[in-house]
Amino acid sequence: MEYRVLGNTGLKVSVLSYGGSSLGGVFHKINEADAIRSVHVSLDMGINFIDTSPFYGLTKAETVLGKALKTVKRDRYILATKVGRYGEQKFDFSADRVTRSVDESLARMGVDYVDIIQVHDMEYGSLDQVANETVPALRKVQKAGKARFVGITGLPLANFKYIADRVDVDTILSYCHYELNDTSLLDLMPYLQKKGIGVVSASPLGMGLLSNRGTPAWHPAPANVKDVCAKAAAHCKAKGASIEKLAVQYSIAEKSIATTLVGSADPANMISNINVCSEPLDQHLLAEVLEILKPIHNVTWPSGRTK
């Protein structure tokens, strides 16, 4: 497993990290014993960064993760969770709520502190409130010893700069913006690197776009994006290859991104994801897939408020 430094935090994170949304049964029903084992297997194979949120499974993910971490020494993992999002349409970025949220998360996971506390999907709130109230509240949480660093997360890339222009943040978590069909995160990298902000990328499979299983019914991508991604997946399958493998390898190859989140509550899937990190990237197949995806390159979808 390769490790990279996460911005100015000094944290050395595995290039592939564990996305905890799967522990909440977000994509399908899970077996709790398997889910716990998937965390243990991932740590044993070199993953050291775990990201979760109270939103995933409406606290189920943090609860299951807490059970998994009960037998793991605290210095074996770097832990991140989030505040602000608590249901599909339930958001509260107030100082009081996010402060209480941290304590609730710590209790669910059975830890005294998290390494990174993050504002979850900040585009669904007021960005000015996030900059002027939420992040300062999390800095107080940091001073209290309950978090080591403060980060922000969301889909619209412009929002990261809007916040970071107004208040210091240590990390960002971006999703669906560095994958085979969308590399727009790279446009923001010079700005983030200048500020020493660490970058976490999530959803290298585009939340199912780049998979043989296909997208869940709720997926917000435009129909043409889904169609073209399905063609790319079918092309890989016809070649006896896996678009999932190609997508993970492509994502972790970008050196400016410290770590890429993948998640599965199935231990076998996590073993497979980790093993591809040490396998060579098929450059010929990559070129073919990128050519198929070219008509939809960097096509995204709206999320939250525009400002």
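Positions are given from 1 along the sequence.
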Please determine whether side chain to side chain contact (heavy atoms under 4.5 Å, CB included) holds for the pair L157 and S174, giving the CA-CA distance in whole Å, both sets of side-chain angles, and the decisive distance to 0.1 Å. CA-CA 8 Å; L157 291 173; S174 167; 3.7 Å; yes

Taking C-beta and beyond as the side chain, do [X] and [Y] meet within less than 4.5 Å on heavy atoms?
| X | Y | result |
| --- | --- | --- |
| V130 | Y162 | no |
| S203 | L261 | no |
| N224 | I296 | yes |
| D112 | R74 | no |

Check: Does the pair K255 and E2 meet the rule for a salt bridge (Lys or Arg N to Asp or Glu O under 4.0 Å), with working shown?
Finding: CA-CA 11 Å; K255 300 287 187 181; E2 180 186 348; 3.2 Å; yes

Check whether [X] reaches the backbone of [Y] with its side chain - one donor and one acceptor, N or O, closer than 3.5 Å.
| X | Y | answer |
| --- | --- | --- |
| Q249 | E279 | yes |
| Y18 | S264 | yes |
| S101 | V98 | no |
| K226 | H219 | yes |
| S272 | A268 | no |
| E244 | N212 | yes |

In Å, rounded to the nearest 0.5 Å, how long is the span from [atom1] of [X] to [atom2] of [Y]?
| X | Y | atom1 | atom2 | value |
| --- | --- | --- | --- | --- |
| R4 | F49 | CZ | CZ | 14.0 Å |
| M189 | I257 | CE | CD1 | 6.0 Å |
| L11 | I78 | CG | CD1 | 4.5 Å |
| L106 | I117 | CG | CD1 | 7.5 Å |
| I152 | D121 | CD1 | CG | 12.0 Å |
| R148 | D115 | CZ | CG | 5.0 Å |

Do the numbers put R97 on top of the ring of F93, so that NZ or CZ is under 6.0 Å from the six-membered ring centre and no more than 45° off the axis?
->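 Judged by the rule, R97 and F93 form no cation-pi pair.
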
Can you name the nearest heavy-atom pair linking [X] to [Y], along with the distance?
| X | Y | answer |
| --- | --- | --- |
| Y56 | K82 | OH-NZ, 3.2 Å |
| V102 | K146 | CG1-CB, 4.2 Å |
| P204 | E179 | O-CB, 3.4 Å |
| I30 | L23 | CD1-O, 3.1 Å |
| G46 | M1 | O-CG, 3.6 Å |
| I243 | L210 | CG2-O, 3.5 Å |

Test of understanding: clusters of I, L, V, M, F, W, Y form through side-chain heavy atoms closer than 4.5 Å, transitively. Do [X] and [Y] belong to the same one?
| X | Y | answer |
| --- | --- | --- |
| V15 | V262 | yes |
| Y3 | V5 | no |
| V41 | L65 | yes |

Kindly assign one of parallel, tilted or perpendicular to the pair F91 and Y124, based on the angle between their ring planes and the thresholds 30° and 60°.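 The rings of F91 and Y124 lie parallel, inter-plane angle below 30°.
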
#### Entry: Residue pair D34, R37: steps toward the salt bridge (Lys or Arg N to Asp or Glu O under 4.0 Å) verdict
CA-CA 5 Å; D34 285 343; R37 195 158 59 251; 2.4 Å; yes

#### Entry: Lys/Arg N to Asp/Glu carboxylate O, D227 vs K231, below 4.0 Å
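Salt bridge absent between D227 and K231.
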
query: For the side-chain hydrogen bond (donor to acceptor under 3.5 Å, both in side chains) test, which of T259, N48, D51 pairs with S17?
result: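 That would be T259.
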
Carefully, step by step, assess K195 and D168 under the rule salt bridge (Lys or Arg N to Asp or Glu O under 4.0 Å).
-> CA-CA 9 Å; K195 284 187 167 284; D168 288 337; 5.2 Å; no

Exceeds 12 heavy-atom contacts within 6.0 angstrom, atom CD of Q89: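 No, CD of Q89 has 12 or fewer neighbouring heavy atoms, counting only those of other groups under 6.0 Å.
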
Is there a donor-acceptor contact under 3.5 Å linking the side chains of [X] and [Y]?
| X | Y | answer |
| --- | --- | --- |
| T81 | E62 | yes |
| D92 | S94 | yes |
| Y178 | T260 | no |
| D182 | S184 | yes |

Legend entry - Working for side chain to side chain contact (heavy atoms under 4.5 Å, CB included), residues K294 and V228: CA-CA 9 Å; K294 190 179 289 185; V228 175; over 6 Å; no

| task | In sequence, state the C-alpha distance, the side-chain angles, and the governing distance for E88 and R85, and then conclude on salt bridge (Lys or Arg N to Asp or Glu O under 4.0 Å). | result | CA-CA 8 Å; E88 285 300 331; R85 185 166 195 178; 3.7 Å; yes

